[in-house]
**Student:** 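Mind having a look at this structure? Questions to follow.
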Amino acid sequence: MGKLPCALLFFLLFTNPAFSWKKEEFRNCDQTPFCKRARSRQPGACPLTATDVSISGGDLVAKLVAKETNQETPTKPLVLKISAYQDGVMRLKIDEDPDLNPRKKRFEVPDVIVPEFSDKKLWLQSLKEEEEENSGLISVVYLSDGYEGVIRHDPFEVFVRERGENGKKVLSLNSNGLFDFEQIKDKKDENEDWEEKFRTHTDSRPYGPQSISFDVSFYGADFVYGIPEHATSLALKPTSGSGVEASEPYRLFNLDVFEYIHDSPFGLYGSIPFMISHGKSRGSSGFFWLNAAEMQIDVFNGNNSNEFLKLPSDQKRIDTLWMSEAGVVDAFFFVGPAPKDVVRQYTSVTGPTALPQLFSIAYHQCRWNYRDEEDVYNVDSKFDEHDIPYDVLWLDIEHTDGKKYFTWDKMLFPNPEEMQNKLAAKGRRMVTIVDPHIKRDDSYFIHEEASKKGYYVKDKTGNDFDGWCWPGSSSYLDMVDPKIRSWWGEKFSCKNYVGSTPSLYIWNDMNEPSVFNGPEVTMPRDALHYGDVEHRELHNAYGYYFHMATAEGLAKRGKGQDRPFVLSRAFFPGSQRYGAVWTGDNTAEWEHLRVSVPMILTLGLTGMSFSGADVGGFFGNPDTELLIRWYQLGAFYPFFRGHAHHDTKRREPWLFGERNTELMREAIHVRYMLLPYFYTLFREANSSGTPVARPLWMEFPSDEKTFSNDEAFMVGNSLLVQGIYTQGAKHAEVYLPGDQPWYDFKNGNSYKGGETYKLDVLEDSVPSFIRGGTIYLERTDFDVALLKWQMILTLWL
Amino acid sequence: MKFFGLLDLLLFGCFILLIHGITESAASSPLKDPLLGVSPEDENYFKGFSTSSMIKCKDGSKKFNKSQLNDDFCDCSDGSDEPGTSACPNGKFYCKNAGHSPLILYSSRVNDGICDCCDGSDEYDGKTKCLNTCWEAGKTARDKLKKKIATYVEGVTLRRQEIEKAKLAIAKEEGELSKLKDEEKILKPLVEKLKERKEQIEKVEEEERLRIEKEENKKKEAEEAEKKETKAEDIEHAHDDIQDNIGTVDQPPQDENIGEDTESLSREELGRRIASRWTGEKTDQHEEVDASSPDKDHQNTDELSNETNYDEEDNAYTSEEDEHKFDDDDDDDSKDQVDDFGTDDHYNPTPSQKLDSDDESDFSDISGTSGSSWLEKIQKTVKTMLDAVKLFQTPVNISDAAHVRKEYDESSAKLSKIQSRISSLTKKLNQDLGPEKEFYSFYGQCFETKQNKYVYKVCPFKQATQVEGYSTTRLGSWEKFEDSYRVMQFLNGDKCWNGPDRSMKVKLRCGLKNELTDVDEPSRCEYMALLATPALCVDSRLKELQDKLDSLNKQLPQLHDEL
């Protein structure tokens with residue numbers, strides 16, 4: 001009878017658990033009660049009116065109360081506050097009234113808004129009331145010389161409009177009456193079930209429904225952009241409305257998605273609830289909702305579809321619906337009007353990109369995994385042998401002792417300091433991975449300390465949350481607590497991190513957080529954080545705090561003299577202050593090469609200038625042509641790193657024959673030649689928020705042909721790059737905007753602006769052009785980024 | 001390349017301002033030696049300046065004058081005007097390295113703060129001090145080279161001996177083969193005749209038996225009839241039962257759902273399952289089975305691995321079946337040797353054990369010098385026997401019949417032995433054993449090395465495996481020599497989860513004994529190893545090395561002059 005279990009065993013051994021994205025493992029809107037409820041609401045359903053509108057403490061304050069006609073379910077009034085900040089930023093806060101002793105204080109995300117922002121506050125002195133024919137009573141406050149903030153009383157609506165007679169609306173909230181604010185109830189109604197089940201997981205939801213949703217309208221907009229992270233086009237396709245194929249809303253929920261697909265509104269590793277609009281008639285505006293709970297956003301078809309209110313405006317506009325599971329309304333309206341203005345206004349709230357060190361904007365070589373010291377030395381010397389510059393060599397999870405971060409596998413890396421020092425002698429750095437899941441192993445010093453000190457996130461019963469990740473059974477540090485962040489930061493000192501040297505920098509992966517056996521591969525929403533905050537309220541910011549703690553640790557290690565470099569996979573508004581991000585586990589396919597561009601451009605628009613995609617594609621084996629095209633395009637990514645999954649074949653640039661080595665060397669050389677230019681652009685991003693890699697329309701805001709182009713992009717204001725996204729391409733269509741001449745980056749041929757050219761595609765480069773009339777820098781000799789600064793400065797006047 | 005494109009723009013008439021070498025003034029200081037970085041082969045090229053004020057770039061694209069030579073500004077797109085600076089991205093810098101070997105560097109290494117040349121000539125801007133280490137480095141290199149030459153000298157001899165041995169052995173085997181073929185030719189018809197006779201006898205015997213049986217049956221027929229009917233029914237029932245059982249065995253319960261149904265998994269299993277997507281490791285669910293019934297499962301695992309082994313042999317090594325049969329046949333005659341053979345093939349860690357010698361000794365009874373005499377004897381015996389035994393004699397003479405049977409059994413056994421030996425010899429002699437048969441001794445040998453928890457075993461012309469405890473993973477079956485007999489390739493090993501079939505490349509290099517080292521897995525499931533062997537110690541390479549040493553030694557007196 002030994003045969004039967006034997007057959008069973010056989011079966012188990014050869015059943016592959018998965019091959020690709022498992023859609024059914026993730027919730028869609030219909031399976032997410034708050035999203036389903038919000039999506040089914042009818043325009044005009046919001047019963048709230050603004051009362052007691054006044055100026056107090058330099059802000060406009062008001063109460064939102066339900067109309068008397070709607071007496072069946074009396075709701076408590078909400079408090080509303082509108083504040084104005086320099087440079088055309090209006091902030092709107094709506095929360096439950098703290099004076100009415102709500103059962104729970106709703107979570108407001110701390111440490112995202114930079115402290116300097118409060119200095120920019122304008123002390124509102126007065127409001128004027130106007131009676132308008134169509135819209136009834138409105139209260140108006142000053143916002144900037146060209147704009148004012150307005151609240152309409154009944155029905156309640158908040159908007160920004162241009163000053164002057166018939167001032168046109170720029171941005172508005174609740175114009176379609178979809179605003180809904182589920183106040184936290186003291187106890188369950190009869191027959192009400194607060195638990196939510198998804199697959200095998202049950203969310204206890206001890207506070208019941210507490211979601212918020214509202215509509216936001218962008219006037220004069222042809223397209224809206226932003227709200228990363230989705231693998232989709234730059235200009236956001238409508239997800240709802242007449243003539244639009246039924247689609248999920250854009251989801252913002254940080255998730256570790258195995259083998260994500262390239263054209264989907266599905267939420268990936270990071271979330272930035274900041275949307276920017278652009279149109280030919282007016283320019284750009286932006287809307288940012290500071291909220292770290294799960295969010296879903298619908299973009300409606302721009303043709304003012306009939307299911308919406310006919311707004312008293314002849315302006316073209318795009319309506320959007322924003323839905324969040326928890327938190328408060330803390331929203332920012334940015335008036336623009338130029339695209340760069342909006343980004344500057346946004347980064348005045350969340351901070352600009354940290355100025356990276358030069359080495360970190362050079363080429364990075366990574367693989368899961370460079371196995372041992374010999375492997376490291378070998379790869380390092382091959383770069384020299386083939387005259388290919390690189391600055392940083394990376395070590396993935398296998399370098400650790402049993403996935404315990406801050407430790408080394410003694411067999412594979414017996415002398416890590418010597419290894420780093422040998423590379424450092426050539427001006428090179430190393431990066432090791434440090435993830436937020438801590439192995440529950442009593443002999444592991446981090447675990448021992450963290451569990452003793454109570455530094456872990458708790459499950460709903462108050463015990464340390466225990467989930468499964470690389471090391472097996474793991475707990476997760478509660479980085480929301482500043483004290484824990486500071487403790488964590490100390491671990492990066494060279495003394496505490498045994499085997500580290502000052503030339504070692506850090507990579508934070510899996511910080512969504514990824515929990516292999518959790519709901520949707522993440523942490524249960526009823527897990528508890530510092531200050532009794534539920535995980536659902538801050539989920540999207542978890543990775544941000546981890547990134548912050550690590551970067552601050554490195555800053556401390558360098559005593560403020562060595563700017564940190566930390567790469568993170570998860571992100572949130574403000575992550576740009578702590579380091580770089582990348583687009584996660586992409587795939588070695590042409591379509592993934594293509595989608596990397598809109599993904600990186602979107603990140604740049606939303607403040608994350610320092611971003612890139614894994615060159616070559618993480619999963620799978622790229623064919624040689626794809627790999628070369630990826631290097632040629634990746635050389636223009638703000639963050640430029642080759643990386644690969646451990647099941648893939650080795651793909652270091654010299655493994656594909658002499659000619660292909662030459663092509664990849666040339667691509668990387670281009671990056672090194674451009675380093676002074678890139679560094680200058682990063683300084684610009686650091687001071688003004690303007691991204692390094694820019695959509696064409698950011699540089700050519702009145703050229704409609706650029707608005708939905710996401711195959712070409714600008715590096716700074718001087719260089720236009722067009723990727724090649726198909727196998728064996730012979731020709732490429734390139735649109736060169738504007739009316740100034742362009743010069744081929746390769747051979748100097750000149751082209752007139754404002755035309756589309758069908759160009760022969762060369763094997764040795766992707767089409768790239770220098771814009772006439774701009775300043776641009778390059779250098780000609782390079783080995784590693786820092787060694788020399790001898791350069792040639794070329795000015796076009 | 002790009003850079004020159006920009007210069008072209010200048011000529012196209014754009015107004016371009018060039019600011020050169022802004023940050024470091026040292027960079028533009030003239031070189032003490034205008035011919036720094038010039039290789040001896042290029043010295044003639046630069047002598048062009050003695051006859052004219054301008055010379056052409058090597059690619060003919062432009063001209064430059066003497067003051068443009070090594071002025072740290074790139075004039076020639078091929079770098080010919082800047083042999084001693086880093087100004088041209090594709091330039092090359094030559095360092096003399098007196099006392100050691102000259103070196104040609106990429107121009108990007110010049111004045112980059114790192115001492116690349118042992119004479120330090122690549123770092124002359126004063127920012128980095130480089131010691132001249134050529135004497136030490138050269139001495140080390142020469143010593144290393146000398147050692148290598150010594151190895152080669154000895155290795156070349158060993159190799160020649162191997163080749164001689166191989167030639168003799170092959171000649172011997174070829175001789176044996178042709179002799180065996182002759183024997184087969186004679187023995188085969190004899191065996192056939194015996195078989196025929198044996199069958200005739202058996203036929204007569206069978207007829208006799210049937211006749212007797214028939215008589216007996218008649219007596220019982222009446223009473224038996226009824227019983228038979230009931231029995232038949234029983235048999236049918238029994239048959240049904242068996243089928244039912246088979247049905248159960250064939251269908252593991254709920255197999256459809258186990259793979260994907262994560263709903264029923266424990267939290268821990270779920271975690272492992274999700275992790276395995278990235279890692280490609282098997283989920284540990286079978287460990288769960290382990291834990292619940294350790295004894296049973298252990299047994300199962302054994303069975304499973306046995307089965308796998310069996311499959312492997314069936315699928316991949318059918319060609320060797322003959323050999324295996326041969327072993328089995330030998331069982332009676334020489335048990336000891338068979339045991340030895342088994343050990344050699346599968347477990348013996350000493351790599352140089354020869355399998356063929358065992359084969360040969362097994363064969364001593366038929367392929368020895370007395371070979372022809374035993375054949376003659378058989379021929380004679382058979383003839384007498386065939387003549388003696390009378391047909392159609394009823395009943396058959398029992399002792400005659402036994403005699404025929406015995407004789408048939410013996411000679412057909414001999415025939416099949418000869419046939420399998422022929423087939424194994426043919427197979428061996430048809431292998432690509434190298435241009436000079438220098439890999440003859442590899443045949444039937446395995447080389448092993450232990451690395452961490454694994455034992456790697458490379459059996460040329462057969463397979464490569466990785467052994468961990470009792471589990472064996474096939475890294476590949478013999479494919480061929482590659483790269484002019486410098487690499488052995490094994491392909492189509494066990495499949496990797498989510499990846500390719502395993503494969504292995506064994507790089508060969510000259511060494512005094514066969515030694516496997518440095519097994520590596522540079523890409524997942526693609527293995528590499530080094531095998532040192534005298535077979536690679538080739539004369540021509542030895543000569544190259546000696547020439548190299550000579551040229552190094554020639555430089556030495558110059559070095560003393562300079563010192």
**Student:** How far apart are the closest heavy atoms of A:Asp384 and B:Arg109, and which atoms are they?
**Tutor:**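 Distance-wise, the nearest heavy atoms are O-NH2, 3.2 Å.
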
**Student:** Check each atom of A:Ala425 against the heavy atoms of chain B and say whether the ones under 4.5 Å are side chain, backbone, both or neither.
**Tutor:**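 The answer is the backbone of A:Ala425.
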
**Student:** Go through the steps to decide whether B:Tyr106 and A:Ile388 satisfy the test side chain to side chain contact (heavy atoms under 4.5 Å, CB included), and finish with yes or no.
**Tutor:** CA-CA 10 Å; B:Tyr106 295 109; A:Ile388 301 173; over 6 Å; no

**Student:** Salt-bridge test for A:Glu398 and B:Arg524: reply yes if a basic N is under 4.0 Å from a carboxylate O, no otherwise.
**Tutor:** no

**Student:** Check whether any side-chain heavy atom of B:Leu270 sits under 4.5 Å from a side-chain heavy atom of A:Arg199, and report yes or no.
**Tutor:** no

**Student:** With side chain to side chain contact (heavy atoms under 4.5 Å, CB included) as the test, would you mind laying out the steps for A:Asn517 and B:Glu268 before giving the verdict?
**Tutor:** CA-CA 7 Å; A:Asn517 58 354; B:Glu268 186 172 321; 5.6 Å; no

**Student:** Between A:Asp466 and chain B, with a heavy-atom cut-off of 4.5 Å, which part of the residue counts as in contact: side chain, backbone, both or neither?
**Tutor:** neither

**Student:** Using 4.0 Å as the upper bound for N to carboxylate O, is an ion pair formed by B:Asp520 and A:Arg371?
**Tutor:** yes

**Student:** Got a second to check how far B:Asn452's CG is from A:Leu412's CG, nearest 0.5 Å?
**Tutor:** 7.5 Å

**Student:** Can you list everything that forms a side-chain contact (heavy atoms from CB on, under 4.5 Å) with A:Lys382? Sequence neighbours excluded, please.
**Tutor:** A:Asn378, A:Glu385, A:His386, A:Trp654

**Student:** Supply the atom-to-atom distance A:Asp647 CG to B:Cys496 SG, rounded to the nearest 0.5 angstrom.
**Tutor:** 7.5 Å

**Student:** Supply the atom-to-atom distance A:His646 NE2 to B:Ser523 OG, rounded to the nearest 0.5 angstrom.
**Tutor:**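 Answer for the NE2-OG pair, A:His646 versus B:Ser523, is 12.0 Å.
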
**Student:** Hey, what do you get for OG (B:Ser107) to CG (A:Asp387), rounding to the nearest 0.5 Å?
**Tutor:**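 The distance works out to 7.0 Å.
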
**Student:** Can you confirm whether more than 12 heavy atoms, excluding those of A:Lys403, are under 6.0 Å from its NZ atom?
**Tutor:**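 Atom NZ in A:Lys403 is packed in, count exceeds 12.
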
**Student:** Distance from B:Ser266 atom OG to A:Trp468 atom CH2, nearest 0.5 Å?
**Tutor:** 8.5 Å

**Student:** Do the rings of A:Phe516 and B:Trp278 sit parallel, tilted or perpendicular, given the 30° and 60° boundaries?
**Tutor:**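 Because their plane-to-plane angle is under 30°, the rings of A:Phe516 and B:Trp278 count as parallel.
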
**Student:** How long is the gap from CZ on A:Arg650 to CD on B:Glu521, to the nearest 0.5 Å?
**Tutor:** 9.5 Å

**Student:** Quick one: what part of A:Ser514 sits under 4.5 Å from any heavy atom of chain B, side chain, backbone, both or neither?
**Tutor:** neither

**Student:** Step through the shown structure and confirm whether more than 12 heavy atoms of other residues, nucleotides or ligands are within 6.0 Å of NZ on A:Lys410.
**Tutor:** no

**Student:** Should we count CD of A:Glu374 as having more than 12 external heavy atoms under 6.0 Å?
**Tutor:** no

**Student:** Evaluate the criterion side chain to side chain contact (heavy atoms under 4.5 Å, CB included) for residue pair A:Trp470 and B:Thr279; output intermediate values, then yes/no.
**Tutor:** CA-CA 9 Å; A:Trp470 297 131; B:Thr279 59; 3.5 Å; yes

